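Working notes for the structure below.
Side-chain atoms are counted along with the backbone in the values below, which use heavy atoms only and exclude waters and symmetry mates. Keep in mind that what you see is a predicted model, and the values were worked out from it rather than measured. Note on naming: letters A, B, ... go to the chains in the order of the sequence lines (proteins, then strands), and numbering restarts at 1 for each one.
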Amino acid sequence: MVEKDLKNIFRDFESKASLFTDKGVLQSAFIPENVLHRDSELQQVAGILGTCLRGERPSNLFIYGKTGTGKTVTTKILINQLTRVAQKSGRKIQLLYLNCKLKKIADTEYRLIAQLGRELGKEIPITGLPTDEVYKQFYASVDAEPQTLILVLDEIDQLIKKTGDGVLYNLTRMNEELTRARVSIVGISNDLTFTNNLDPRAKSSLSEEEVVFPPYNAIQLQDILRDRASLAFKSGVLGEGVIEKCAAYAAREHGDARRALELLRVAAEIAERNNELLVMTSHIDLAEKKMEDQGVMDLVKTQPRQFQVSLYSILLLSSKKKDGVFTGEVYELYKQLCEKIHLPPLTQRRVSDIIAELDMMGIVNAKVLSKGRYGRTREIHLSIPLSTSEKVKHALSEYLCI
DNA sequence: CGAGATTCATGTGAAGTATACCTTTAGGCTTAA
DNA sequence: AAGCCTAAAGGTATACTTCACATGAATCTCGTA
């Protein structure tokens, strides 16, 4: 019986008709031929970056826009186009794209430069080298041949917030060191106010040009979804109102197209798994739920144990207390938990920083609050839905063996 | 009653420490002439 | 003598600790009406 089941376990996959023709079209790595509803932004960016075809260094560019407003896609499409045109004229243009938010990859000055160097094919160790040495190596590989390098730094505000603006200053000065190659920097941020507290020199050279990407509205999202869906799905598998509902959900959250596409994909995957031939609006509800949980869960899972224990104590406390928990309480519980699972506890100083980082990640919302005679503390609220936090709590308690 | 001093619980900055990793260098061993 | 390998020395980044000082409104204190 068991053996028979095993034999057939994959048979269903084979025989089951897939709803997709090309799932990749809905994944975030996919770069389409063109972007919809971004004509004016496309023109602006093209005008700025296009100057490298005349052999000039393109101005540094600063792009503002929330996640999923097409910043990355637009730049990537343009770069692809540029490289194609440039090849004909014999110039070399190279694009480096890096998301500065990625933990352990690009969240410090050293790691950012090291990662950039690695993308250019250098072997750079994770630690041990002086930072200027890493810079030197990076410069050397950029300057190895005449080329224009376009450096796209996504979510650059996160990096600067953490490590200061020295990186920007160094990067913007890079051109003075280079003889053959040229570099221009494209900074992407979703915080409009971010450049305000920047070193004036770095600020002026970074934002030589600025382009703002506004969020998509629901109608535009529908167009995008339809466009992609026609490539991704077999015809007729999308039920009535599915596109509209996806768009509406995403529009509610600052018009995030990436999210809308993912929502559609996950919904279809759910339908497929249930052996249904039609994607229905009900699947979207399920998908939204799943994505919400999954996103937070993935984030939490990749954190160090100390973060997880800190978060777990916050979750425990805030399920008992509705109106915010304080650092002191969290730390007390945290210490107990550490003892229970034989983990050497960190100091309160460090836990305080960890709470600040959880805040940055958007899992909690912690604001400093002075309670007069009763001191000063952070008031911590969860910024994830209750159902999700319950699931995270459950998963953590199992994972940490508490 | 109100202005200024006090107080509490923790935020926050700076400096120090442990760890993991890097390059350089000196010493020892092998090898070929 | 030249070449190669190894281990120690000296250096760095990162995560964390230790130390010390900063914060800021509720509460207290004391002078005044």
Please check if any side-chain donor atom of A:Glu119 sits under 3.5 Å from a side-chain acceptor atom of A:Gln115, or the reverse.
yes
Does A:Arg378 have a side-chain nitrogen or oxygen under 4.0 Å from the phosphate oxygens OP1 or OP2 of B:dT12?
yes
Are A:Arg182 and A:Glu56 ion-paired here, with the side-chain N under 4.0 Å from a carboxylate O?
no
Between A:Thr327 and B:dT10, is there a contact of a side-chain N or O with OP1 or OP2 at under 4.0 Å?
no
Between CD1 of A:Ile124 and C1' of B:dC21 the distance, given in whole Å, is 14 Å
Please check if any side-chain donor atom of A:Asn190 sits under 3.5 Å from a side-chain acceptor atom of A:Tyr64, or the reverse.
no
Under 4.0 Å: is that the gap between some side-chain N or O of A:Tyr374 and OP1 or OP2 of C:dA25?
no
Within-4.5 Å side-chain heavy-atom neighbours: A:Gln147 and A:Ile93:
no
From NZ of A:Lys367 over to P of C:dA25, roughly how many Å is that when rounded to an integer?
13 Å
Using Watson-Crick and G-U wobble pairs with both distances under 3.5 Å, what is the 5'-to-3' dot-bracket string of DNA chain C, with [ ] for crossing pairs and | for pairs outside the strand?
|||||||||||||||||||||||||||||||..
Starting at atom CD of A:Glu332, determine the distance to atom C1' of B:dA9, rounded to an integer number of angstrom.
12 Å
Over 12 foreign heavy atoms within 6.0 Å of CD, A:Glu145
yes
Nearest heavy atom decides the nucleotide; on that basis, is A:Thr377 or A:Pro125 closer to the 5' end of DNA chain B?
A:Thr377
Whole angstroms only, please: what is the CD-C1' distance between A:Glu123 and B:dC21?
15 Å
Any carboxylate oxygen within less than 4.0 angstrom of a Lys/Arg side-chain nitrogen, looking at A:Asp154 and A:Lys101?
no
Check: A:Asp165 side chain, A:Leu168 main-chain N or O, donor-acceptor pair, under 3.5 Å
no
In this structure, how many angstroms lie between the P atom of C:dA25 and the CD atom of A:Glu379, rounded?
15 Å
If a protein heavy atom is under 4.0 Å from the base, mark B; if only from the sugar-phosphate, S; if neither, -; do that for nucleotides 10-23 of chain C going 5' to 3'.
-BBBSSSSB----B
Separation of atom NZ in A:Lys371 from atom P in B:dA9, rounded to whole Å
9 Å
Any side-chain hydrogen bond (donor to acceptor under 3.5 Å, both in side chains) pairs touching residues 342-358 of chain A, not counting sequence neighbours?
A:Arg349-A:Asp353, A:Ser352-A:Arg378
Check whether NZ of the Lys or CZ of the Arg A:Arg376 lies under 6.0 Å from the centre of the six-membered ring of A:Phe326 and within 45 degrees of that ring's axis.
no
